[in-house]
Number of protein chains: 2
Amino acid sequence: MRDRPNVPIKPAVRRTTLAVDVVVLSPRADALAVLLVRAPVGAREKWTLPWDAPQPGEGLEDAAARIASAALGTAPAYFEQVGTLSDGRRHPGEADVSVGIAALSPASADAPMEEAEWFPLAGLPALAPRHRTVVDRAAAVVRQRVDQSPLAFRLLPPTFTLSDLQAVYELLLGRRLHKASFRRALQASYLVEPTDEWHSEGRGRPAQLFRYAPRKRRGARRGVRFDLFTE
Amino acid sequence: MRDRPNVPIKPAVRRTTLAVDVVVLSPRADALAVLLVRAPVGAREKWTLPWDAPQPGEGLEDAAARIASAALGTAPAYFEQVGTLSDGRRHPGEADVSVGIAALSPASADAPMEEAEWFPLAGLPALAPRHRTVVDRAAAVVRQRVDQSPLAFRLLPPTFTLSDLQAVYELLLGRRLHKASFRRALQASYLVEPTDEWHSEGRGRPAQLFRYAPRKRRGARRGVRFDLFTE
DNA sequence: TGACATTGGTGACGAATTGTTACTAATTCG
DNA sequence: CGAATTAGTAACAATTCGTCACCAATGTCA
């Protein structure tokens, strides 16, 4: 590391090409799935993430909603930025800068449009390197934030059984959870409320349906947790 | 909500102007402080965040390091994106899109350069609306991630006392922590190791110095926590 | 009709973690 | 020396968590 000349920068904007790349996630067949669209003929890969440039005056999340809707047929319920990339990796539209956005869609959402298809996260086809990175970041962000943010509820229809909810958590966390503990913790969290409806799915006792209805929490904050330092 | 025509988007990149806005954070005088630089004469506000456009081929975090170094005189230890903004709010350089990046700098770092100054988070001068938003997001992200990521250690010199560390956590969390609980939790986390050195600061018993040295954790993962849903 | 398989739901108990009190240790100040 | 101040910890109480065991409500099938 050598000395840096002690002159202030004269800041100035610079023109670049920008794309919004959307990772639509949904639980399909007991796995987290990503929505991909067929790439134009002649592209290096057969599939890409849904992407486009934001229109003038259009916010990034608004652009993501438009882009996802075009592939899914309906707008996802939730969007979250997962990072902006500007490195050497190739983008299918040669954008200099990509804004990666994760979108969550309930399992019950309609089938995707003609040129789009769900792929399980573990079995994706080849993607442009930039898109591959965006997918990995989206998965990591969603998995990491699942207990800070009501992400899991955005992957379920408006009413759901507690077993459904637990299954989504297990999908996101990648491990089994204990039924009684899960329910006790959920109870204490005041995040859901029961409805009058019951869901009967063939065998077994019918399950009560719940809806996401977070209430004010008792203010008792806990000490620090040095947990979860996964890196 | 009306019907959307069922035609696929033809994605294309679009040229925009891009800026990287850096929020350098450091504990100063028992408060989290932000580094601001004097704006050019004639600007609407007297101060701005350090910002610039990334150079061609320069990664966003690399750009943030360069921009922060120019204002601080030395490179911060840690960078984290806090979101990319593209809304109507005014940017001092009229950039369409801003990438907000939080940079953490230890309390011991040298005094800033001539045109730069530390301001406590709670008492910032007027900033361009876009910069105001970036600062708020940076503060929120840092506060929210403090127990998932070793952020607190980046706000301290390489060796520090446990009281110093606790003070940083209290600064970030905005509440007092209990000494014995804090130390017990830290012990169990295997994140720090003692050094041979001791720090004497005038009155009171000297404190042992520790360094950040995370070790592999025992794999026992816990159940879900529905905690921290602050929204 | 009546076992039994299957899924939903909960009480209760011991283990582990966390909050708190109260103490000891090492230093400076006067 | 004793008071003040900061560091560090043992130990106990309160709470939370993991688990087991069980009951409930439904479909299946002999």
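What you see is a predicted model, and the numbers here were worked out from it, not measured in a lab. Keep in mind that the numbers below use all heavy atoms, side chains included, and drop hydrogens, waters and symmetry copies. Letters go in sequence order (proteins before strands), and every chain restarts at 1.
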Could you check whether A/S163 gets within reach of a base, just the sugar-phosphate, or nothing at all, counting any heavy atom under 4.0 Å?
-> sugar-phosphate
Could you tabulate the donor-acceptor pairs under 3.5 Å formed by side-chain atoms of residues 194-206 of chain A, not counting sequence neighbours?
from: A/T195; atom 1: OG1; to: A/E197; atom 2: N; distance (Å): 3.2
from: A/T195; atom 1: OG1; to: A/L209; atom 2: O; distance (Å): 2.9

Any side-chain donor-acceptor pair under 3.5 Å between B/R211 and B/T159?
-> no
By salt bridge (Lys or Arg N to Asp or Glu O under 4.0 Å) - contacts of A/R145 (at least two apart) | A/E80
Under a 4.0 Å heavy-atom cut-off, which of residues 175-182 of chain A touch DNA chain D?
-> A/H178, A/A180, A/S181
A/F226 CZ - C/dT18 C1' separation (whole Å) = 13 Å
Please state how far atom CH2 in B/W198 lies from atom P in D/dT6, giving the value in whole angstrom units.
-> 17 Å
Whole Å only: how far is the CZ atom of B/R225 from the P atom of C/dA16?
-> 16 Å
Parallel, tilted or perpendicular: which describes the rings of B/F153 and B/Y212, with under 30° parallel and over 60° perpendicular?
-> parallel
Check ion pair A/D62-A/R66 (N to O, under 4.0 angstrom) = no
Does a side-chain N-to-carboxylate-O contact under 4.0 Å join A/E170 and A/R175?
-> no
Whole-Å distance separating the CZ atom of A/F160 from the C1' atom of C/dG8 | 16 Å
Of B/A185 and A/Q187, the one whose nearest nucleotide on DNA chain C sits closer to the 5' end is A/Q187
Can you run down the salt bridge (Lys or Arg N to Asp or Glu O under 4.0 Å) pairs that involve residues 178-188 of chain B, sequence neighbours left out, and say none if there aren't any?
-> none
Grab the CZ-P distance between B/R184 and C/dT20 for me, whole Å please.
-> 11 Å
Heavy atoms under 4.0 Å is the rule here; annotate nucleotides 25-30 of chain D 5' to 3' with B where the base is hit, S where only the sugar-phosphate is, and - elsewhere.
-> BBS---
Contact class for A/E201 vs. all strands (heavy atom < 4.0 Å): base, sugar-phosphate, or nothing?
-> nothing
Could you give the CZ-to-P distance, from B/R222 to C/dA15, as a whole number of Å?
-> 17 Å
Considering residues at least two apart in sequence or located in another chain, which fulfil the side chain to side chain contact (heavy atoms under 4.5 Å, CB included) criterion with B/A103?
-> B/V22, B/V24, B/P76, B/F79
Distance in angstrom units between A/E197 CD and C/dG8 P, rounded | 17 Å
Within this structure, what is the CD-to-P distance between A/Q166 and D/dG18, rounded to whole angstrom?
-> 12 Å
Nearest nucleotide by nearest heavy atom, which residue falls closer to the 5' end of DNA chain D, B/Q208 or B/V224?
-> B/Q208
Side-chain heavy-atom pair A/D21, A/V99 within 4.5 angstrom cut-off | no
